[in-house]
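Nothing here was measured: the structure is a model prediction, and the numbers come from that model.
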Amino acid sequence: MIGVSLGEDADTVRGFARKLDIPFPLLLDKDGDSPRLFGLWGHPNTVMIDREGKVVGLVRKYAN
């Protein structure tokens, strides 16, 4: 599992990860490009990618 942080700087993300004891890596997407690459328009989402880099599953769960 890998998390993606949108628009935050590294120090903010590190502090968030420490505070919540997140056990997986968090990648930075400072420009917020990753949702567009996967056709997403809200948060949170789960994108499952196989070893070849192909999207094999997508769960969209948006707050109302």
*Asks:* Under the salt bridge (charged side-chain N to carboxylate O under 4.0 Å, His left out) definition, can you give me all pairs with a residue in residues 9-29, not counting sequence neighbours?
*Replies:* D11-R14
*Asks:* If I compare all heavy atoms of P25 with all of M1, which pair ends up nearest, and what's the gap?
*Replies:* CD-O, 3.5 Å
*Asks:* Working to the nearest 0.5 Å, report the span between NZ of K54 and CE of M48.
*Replies:* 13.0 Å
*Asks:* Please report the shortest heavy-atom distance between G32 and L6, naming the atom on each side.
*Replies:* CA-CD2, 4.1 Å
*Asks:* Indicate yes or no: at least one non-hydrogen side-chain atom of F38 is less than 4.5 angstrom from one of L58.
*Replies:* no
*Asks:* The criterion is side-chain contact (heavy atoms from CB on, under 4.5 Å); which residues satisfy it with L27, sequence neighbours excluded?
*Replies:* I2
*Asks:* Side chains of L40 and V47: closer than 4.5 Å at any heavy-atom pair?
*Replies:* yes
*Asks:* Going by side-chain contact (heavy atoms from CB on, under 4.5 Å), name the residues that satisfy it together with I22, two or more places apart in sequence or in a different chain.
*Replies:* F16, A17, L20, F24, L26
*Asks:* Are V55 and V59 connected in the hydrophobic side-chain network, where two residues link if heavy atoms are under 4.5 Å apart?
*Replies:* no
